[in-house]
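Inspection log for the structure reproduced underneath, given as structure tokens.
As the structure is a computational prediction, the values presented were derived from the model and not from experiment. Order of appearance sets the numbers: ligands from 1, and atoms from 1 within every ligand. Heavy-atom basis, side chains included; hydrogens, waters and symmetry copies ignored.
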Amino acid sequence: MDPKRIQVGNRSINVFDHGSGEVLLLVHGFPLDHRMWRNQFQLSKHFRVIAPDLPGFGESESDATEMSMAGMADDLASILEALQITEPVTYCGLSMGGYIGWEFWNRHRHRISRFVACDTRAGNDTEQVARARKIAAQSVGKTGSQTVADAMIDKLFHQSTHPTQSQSAQEVHRVISGTEPRSIAAGQLAMSVRADATPMLQDFNIPTLLVVGEFDSITTPQEMREMATTIPGATFVEIKQAGHMPPLENAAEFNSQLMSFMTRQAIGS
Ligand code: MLT
């Protein structure tokens, strides 16, 4: 099942688009692309699964020198429009895909029917984290993307089940190494100034699922459990044997939780 290319404004965008019926929009983390969802593509037996490469990542072109969470949320709305999708979708974003999701809710609320936040947070960066991102953004042009991949890989995966040499970890390492340094820099700068989405959580009035790997050290189960208590009616699920990348590390449990949420929270029921 290959992705296809669509034209969005003056950019050529790479997007996985298979299946029919209700739309499940999968939004990747940083600095990854649609391939992090490869174990979810089989859900296209039940839904229309859309997984784009965000502009500047994977094989998608970008015409912007700067990125922002709001800009990427608008890009997603434009991608849905280009695919002639007008009905509300289930938005499922991991980590940076979650940060973009808060802005998507803020700016394109009528386009979402359900929300799935994976291994992410609503709060913005502490000063220390924001400073570290700015330093990382300045250095990636010199050190290259592979250095970023080397530094990130063992934080993304739970090392006892997916050590650095495992196939999934190696694939993700290749994706990060292949990402343009200027996109890595722009993504870091965009995340460093993102807004605090915490105040809007209490207004979430759509079915919401929060998912986190039990060993995630980037966005911890404790943090996500607390976030779940502030979203009315949210379901919180911890995925066993997974770190920051449950869709790849424990796809069977991740898919079963996602399916059960979408079935339980049938739209129109
Ligand atoms: C991600 O997986 O998207 C990143 O860990 C997000 C971040 O750097 O905050």
- Task: Please check if any side-chain donor atom of Ser12 sits under 3.5 Å from a side-chain acceptor atom of Arg5, or the reverse.
- Result: yes
- Task: May I ask you to check whether Trp102 and Phe204 place their ring centres under 6.0 Å from each other?
- Result: yes
- Side chain to side chain, Met224 and Asp216, heavy atoms closer than 4.5 Å: no
- Task: Return the residue, atom name and 0.1 Å-rounded distance of the protein heavy atom closest to atom 1 (C) of ligand 1.
- Result: Ser95 OG, 2.8 Å
- Would you find more than 12 non-hydrogen atoms of other residues, nucleotides or ligands less than 6.0 Å from Gln222 atom CD? no
- Nearest non-hydrogen protein atom, atom 3 (O) of ligand 1: Phe30 N, 2.7 Å
- His244 neighbourhood, listing ligand 1 atoms whose heavy-atom distance to it stays under 4.0 Å: 1 (C), 2 (O), 5 (O)
- Task: Say whether, by atom type as modelled, one donor and one acceptor occur between the side chain of Arg111 and the main chain of Tyr91 under 3.5 angstrom.
- Result: no
- Please could you name the atoms of ligand 1 that Gly29 approaches to less than 4.0 Å, counting only its heavy atoms? 3 (O)
- Does atom CZ of Arg182 have more than 12 heavy-atom neighbours, drawn from other residues, nucleotides or ligands, at distances under 6.0 Å? no
- Task: Ignoring angles and geometry beyond distance, decide whether Met191 reaches within less than 3.5 Å of ligand 1 through its nitrogen or oxygen atoms.
- Result: no
- Task: Please verify whether a non-hydrogen atom of His28 lies at under 4.0 Å from ligand 1.
- Result: no
- Query: For atom 9 (O) of ligand 1, what is the nearest protein heavy atom, given as residue, atom name and distance?
  - Reply: Tyr99 OH, 2.6 Å
- Item | Within one Ile-Leu-Val-Met-Phe-Trp-Tyr cluster: Val129 and Met152, side-chain cutoff 4.5 Å | no
- Near Met96 (heavy-atom distance under 4.0 Å), the atoms of ligand 1 are 1 (C), 3 (O)
- Message: Are any of the N/O atoms on Arg133, whether in the backbone or the side chain, positioned under 3.5 angstrom from an N/O atom of ligand 1?
- Response: yes
